[in-house]
Structure formats: structure tokens, C-alpha cells
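Down below is the structure, laid out as C-alpha cells.
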Amino acid sequence: MLRELRPALILAVSLTVITGLAYPLAMTGFAGAVFPDQAHGSLVVRDGVVVGAANVGQAFTSDRYFRGRPSATTGADPADASKTVPSPYNAANSMGSNLGPTSKALSERIAADVEALRRENPGMPVPIDLVTASGSGLDPHISPAAALFQVPRVATARGLPEHRVRAIVEAAVEEPLFGVFGEPRVNVLALNLALDQAVSGAAVR
């Protein structure tokens with residue numbers, strides 16, 4: 001019996017070493033050498049301080065900054081580890097809300113968000129991505145329309161003319177890859193950093 005089992009055992013151990021150890025280590029080393037920034041999380045550093053990641057959104061609350069999409073990610077409740085609490089852009093827990101179009105909670109939340117945004121910029125249609133979360137809950141981008149919608153609030157909070165803030169937004173628009181793949185988009189963190197750099201150099205918060 002051992003004679004019959006030996007080839008199977010050797011094959012199982014060999015494949016485990018190759019596919020479970022050697023291959024992952026080789027790919028990790030290759031990625032780190034060829035794509036060092038991406039392999040280390042696409043971290044964004046300003047003045048020696050990590051302020052975020054290019055591929056993960058974050059919650060901006062100040063009126064002085066542009067805001068991203070709603071995020072449905074959650075985290076452990078500090079008061080009770082068996083429960084969860086909202087934790088926007090929690091990169092350790094990528095998820096959507098799993099609420100469908102017939103969900104009362106979703107409808108009420110969107111209606112409240114739309115009403116708040118209409119008060120912020122009366123008379124302008126509210127871009128859909130400002131009131132809907134992405135499937136991952138981590139999307140760092142918004143549409144150019146969503147960024148331009150926020151220009152009056154940001155300009156007022158910073159005491160700047162709207163045309164100057166609008167120009168910063170327009171300069172931050174990323175075009176589709178090769179002009180074909182994807183849609184025009186704005187990275188919210190990059191936009192806020194460009195805004196700070198252009199007007200005051202203050203730290204993003």
C-alpha cells in the first residue's frame with residue numbers, strides 16, 4: 001500500500017510547496033519590484049505623513065472638503081465586540097448594504113440625503129453617486145458632476161470664488177483609460193490634496 005501512496009503523497013507535498021509557498025512568494029516579490037507603490041497599498045504621503053490610500057476612499061466631514069460616496073462598511077462595536085457599528089470606508093470589511101430597491105430603510109436614507117444635499121445646493125439636480133454606496137463601500141472616486149455639485153459649499157467654507165474651486169475640480173478629472181475604458185472620475189483624496197495645495201497648504205482632515 002505504501003508503494004501506491006508514496007507518489008500521491010509526494011505529489012501533494014510538492015504541489016503544496018510550489019503553489020502554496022513558492023508561487024505566492026515569487027508573485028509577491030515580483031509585484032513589489034515591478035509595482036512597488038501598488039504592492040504597498042498605493043499609500044498617499046504628504047510631508048512624511050500617510051494621509052490615505054489612492055484606491056480606498058475616506059470620510060471627509062468638514063465643509064472645507066469634497067466628500068465621497070456614502071459607505072456601508074461596518075466595524076466592531078467598541079462596547080460589544082459581538083455587534084457592529086457603521087464604520088465608513090473600513091478597508092478591513094469591504095461590503096455593500098445588501099439593501100434592495102424595495103427596502104424602506106434604504107429609501108428613507110436616500111431621501112434624507114437628497115434633502116440635505118438640496119439644501120446645500122438649491123436648484124441643482126443631486127448626482128446619484130452622492131446618495132448611493134458602491135458595492136465595495138470603498139470607492140475613492142466620484143463623478144465630475146458630483147464634485148462640481150459640491151463646489152458652492154466648499155467655496156463658501158473656504159471664502160474662495162466658485163470659479164477658482166471649479167477650476168481645481170476640472171483639473172482633477174481623470175479621463176477613461178485609453179479614452180475608452182470606464183467613465184470620467186475624480187479621486188476625492190487627490191482633489192482635496194490639490195485644493196489644500198492650491199489655496200493654503202493645510203492638512204487634510
Side-chain angles (χ1 to χ4, degrees), residues 31 35-100 103 105-117 120-121 126-151 153-154 157-158 165 168-169 172-174 177 182-197 202-205:
F35 306 105
D37 290 340
Q38 293 88 335
H40 291 90
S42 300
L43 299 179
V44 178
V45 179
R46 288 294 181 272
D47 300 324
V49 178
V50 176
V51 296
N55 296 323
V56 178
Q58 56 184 280
F60 292 96
T61 57
S62 171
D63 285 344
R64 294 167 53 84
Y65 291 104
F66 290 87
R67 299 168 187 158
R69 302 181 67 168
S71 173
T73 58
T74 61
D77 186 343
D80 185 349
S82 67
K83 299 179 180 179
T84 59
V85 293
S87 179
Y89 298 104
N90 179 5
N93 192 25
S94 173
M95 63 181 293
S97 68
N98 292 327
L99 299 178
S103 167
L106 179 63
S107 298
E108 291 177 347
R109 197 271 297 164
I110 289 179
D113 288 353
V114 168
E115 183 60 30
L117 288 167
E120 177 182 305
N121 194 352
V126 177
I128 189 66
D129 51 325
L130 285 183
V131 295
T132 56
S134 65
S136 69
L138 306 177
D139 192 348
H141 297 96
I142 55 176
S143 65
L148 291 170
F149 180 90
Q150 300 179 67
V151 165
R153 169 178 54 79
V154 174
R158 288 183 178 260
V165 178
I168 295 172
V169 170
V173 174
E174 302 173 12
L177 183 63
E183 297 289 334
R185 61 201 179 277
V186 177
N187 185 289
V188 179
L189 175 60
L191 173 59
N192 285 331
L193 288 170
L195 178 65
D196 274 344
Q197 184 176 10
V204 171
R205 60 185 182 280

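The first residue in the sequence is number 1, and the count goes up from there. Because only heavy atoms are used, hydrogens play no part in the values below, and waters and symmetry mates are left out as well, while side chains stay in.
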Between [X] and [Y], which heavy-atom pair has the shortest distance, and what is it?
X: A147; Y: V169; result: CB-CG1, 3.7 Å
X: D113; Y: V131; result: CB-CG1, 3.8 Å
X: P127; Y: A145; result: CG-O, 3.7 Å
X: V51; Y: Q58; result: O-NE2, 3.0 Å
X: P184; Y: P144; result: O-CD, 3.3 Å
X: V154; Y: L195; result: CG1-CD2, 3.6 Å

**Asked** What salt bridge (Lys or Arg N to Asp or Glu O under 4.0 Å) pairs are there with at least one residue in residues 126-147, not counting sequence neighbours?
**Response** R69-D139
**Prompt:** Do the side chain of S136 and the main chain of S94 share a donor and acceptor less than 3.5 angstrom apart?
**Reply:**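 Checking the backbone N and O of S94 against the side chain of S136, no donor-acceptor pair under 3.5 Å is found.
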**Asked** Between N192 (side chain) and Y65 (backbone), is there a donor-acceptor pair under 3.5 Å?
**Response** no
Hey, what do you get for [atom1] ([X]) to [atom2] ([Y]), rounding to the nearest 0.5 Å?
X: I142; Y: Q150; atom1: CD1; atom2: CD; result: 5.0 Å
X: R153; Y: R67; atom1: CZ; atom2: CZ; result: 4.0 Å
X: L189; Y: Y89; atom1: CG; atom2: OH; result: 11.5 Å
X: I110; Y: L117; atom1: CD1; atom2: CG; result: 11.5 Å
X: D63; Y: R158; atom1: CG; atom2: CZ; result: 11.0 Å
X: S107; Y: L99; atom1: OG; atom2: CG; result: 9.5 Å

**T73: side chain to side chain contact (heavy atoms under 4.5 Å, CB included) partners, not counting sequence neighbours** = S71, N90, M95, L138
**Prompt:** Quick one: does R109's side chain get under 4.5 Å of S97's, heavy atoms only?
**Reply:**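 No; the side chains remain at least 4.5 Å from each other.
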**Item:** Check: E174 and H141 side chains under 4.5 Å, non-hydrogen atoms
**Value:** yes
**Request:** For E183, enumerate each residue passing the salt bridge (charged side-chain N to carboxylate O under 4.0 Å, His left out) test, keeping only those at least two apart in sequence or located in another chain.
**Result:**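 Testing E183 for salt bridge (charged side-chain N to carboxylate O under 4.0 Å, His left out), a comparison that skips the adjacent residues, returns none.
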